[in-house]
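Down below is the structure, laid out as structure tokens.
These numbers were taken from a predicted model, which means no experiment stands behind them. Just so you know, these numbers use all the heavy atoms, side chains as well, and skip hydrogens, waters and symmetry mates.
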Amino acid sequence: MSKYMRLLVMFDLPVVKAEDRRAASKFRQYLLGEGYVMMQYSVYYRIVNGYDMSKKYEYRLNDNLPEKGSVRLLIVIEKQFDEMRLLVGDRLPNEEKVDGNQLTTF
């Protein structure tokens, strides 16, 4: 049985120097190219199908890390992600509530 999971990538990258801004932009573009969705500025997530696929994307992420800054990866199952509460603000336009067996569509 497959289990959907979310990979959450959270990062804090330096952007003072031009070369650092380029590296940060390149990293963000990499994430978007790999199918990650921006949840908040510097927080991106991606849906994967099972542990093996999560490891595949973790290895790929490791191969594309910027040299400076802080990057963290958190892997949660879909049920845990669904339990997240929005405390302040509005849902993003790309977030929809869907029924039971479907994943959030973007």
Side-chain angles (χ1 to χ4, degrees):
M1 181 171 128
S2 62
K3 182 176 267 191
Y4 287 104
M5 307 170 101
R6 302 255 182 158
L7 306 179
L8 287 123
V9 178
M10 302 162 277
F11 55 91
D12 185 15
L13 303 177
V15 291
V16 175
K17 297 179 183 175
E19 64 191 49
D20 293 338
R21 285 192 299 275
R22 280 191 295 276
S25 178
K26 182 179 176 186
F27 184 65
R28 283 188 196 93
Q29 291 302 314
Y30 163 76
L31 291 173
L32 293 171
E34 285 289 297
Y36 288 84
V37 176
M38 185 172 74
M39 185 163 67
Q40 289 182 207
Y41 192 73
S42 298
V43 179
Y44 288 68
Y45 69 90
R46 184 186 201 300
I47 298 171
V48 296
N49 188 359
Y51 180 78
D52 291 339
M53 195 171 182
S54 74
K55 282 301 183 188
K56 169 188 160 184
Y57 280 95
E58 182 178 352
Y59 294 137
R60 291 171 74 149
L61 184 64
N62 277 321
D63 289 341
N64 289 279
L65 293 173
E67 292 182 15
K68 299 177 185 174
S70 173
V71 180
R72 296 171 190 257
L73 173 66
L74 177 64
I75 302 171
V76 297
I77 61 173
E78 193 65 21
K79 183 175 172 89
Q80 292 168 321
F81 189 85
D82 287 342
E83 292 296 319
M84 185 178 358
R85 301 289 179 251
L86 179 62
L87 301 177
V88 175
D90 298 320
R91 291 197 178 275
L92 297 174
N94 64 349
E95 294 176 303
E96 283 181 27
K97 186 71 174 173
V98 294
D99 61 30
N101 294 334
Q102 294 178 330
L103 294 174
T104 305
T105 56
F106 306 103

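- Among residues two or more places apart in sequence or in another chain, the side-chain contact (heavy atoms from CB on, under 4.5 Å) test is passed with Met84 by Met39, Phe81.
- Looking at every heavy atom in both residues, Arg46 comes nearest to Gly35 through CG-O, 3.8 Å.
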Given side-chain contact (heavy atoms from CB on, under 4.5 Å), test Tyr4 with Met53 step by step and report yes or no. CA-CA 10 Å; Tyr4 287 104; Met53 195 171 182; over 6 Å; no
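- At a threshold of 4.5 Å between side-chain heavy atoms, the hydrophobic network of Ile, Leu, Val, Met, Phe, Trp and Tyr places Leu32 and Leu65 in one connected group.
- Considering OG of Ser70 and CE of Met10, their distance stands at 9.0 Å, rounded to 0.5 Å.
- With respect to the salt-bridge test (charged N to carboxylate O, under 4.0 angstrom), the residues Arg6 and Glu78 qualify.
- Remark: Lys55 pairs with Glu58 by the side chain to side chain donor-acceptor pair (under 3.5 Å) rule, at least two apart or across chains.
- For Arg60, the side chain to side chain donor-acceptor pair (under 3.5 Å) test picks out Glu34, with sequence neighbours left out.
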Give the intermediate values and the outcome of side-chain contact (heavy atoms from CB on, under 4.5 Å) for residues Asn64 and Leu31. CA-CA 9 Å; Asn64 289 279; Leu31 291 173; over 6 Å; no
For Leu13 and Val71, what are the C-alpha separation, side-chain angles and deciding distance, and is it a side-chain contact (heavy atoms from CB on, under 4.5 Å)? CA-CA 8 Å; Leu13 303 177; Val71 180; 4.1 Å; yes
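- For residues 10-39, the pairs satisfying ring-ring contact (aromatic ring centres under 6.0 Å, His included) are Phe11-Phe27, Phe11-Tyr44, with sequence neighbours left out.
- A single hydrophobic cluster is not seen to contain both Leu61 and Tyr51; linkage of ILVMFWY side chains at heavy-atom distances under 4.5 Å, directly or through other members, places them apart.
- Ser25 places no side-chain N or O within donor-acceptor distance of the main-chain N or O of Arg22, the cut-off being under 3.5 Å.
- Annotation: side-chain contact (heavy atoms from CB on, under 4.5 Å) contacts of Ala23 (sequence neighbours excluded): none.
- Arg21 places a side-chain N or O within donor-acceptor distance of the main-chain N or O of Val16, the cut-off being under 3.5 Å.
- Applying the side-chain contact (heavy atoms from CB on, under 4.5 Å) criterion to Lys79, with sequence neighbours excluded, gives Ile77.
- In the hydrophobic clustering of ILVMFWY residues, with side-chain heavy atoms under 4.5 Å counting as a link, Val15 and Val43 come out apart.
- The closest side-chain heavy-atom distance from Lys68 to Glu19 is below 4.5 Å.
- Between Gly69 and Pro14, the closest heavy-atom pair is CA-CD, 3.7 Å.
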Would you sort out whether Ile75 and Leu7 count as a side-chain contact (heavy atoms from CB on, under 4.5 Å), showing the intermediate values? CA-CA 5 Å; Ile75 302 171; Leu7 306 179; 3.5 Å; yes
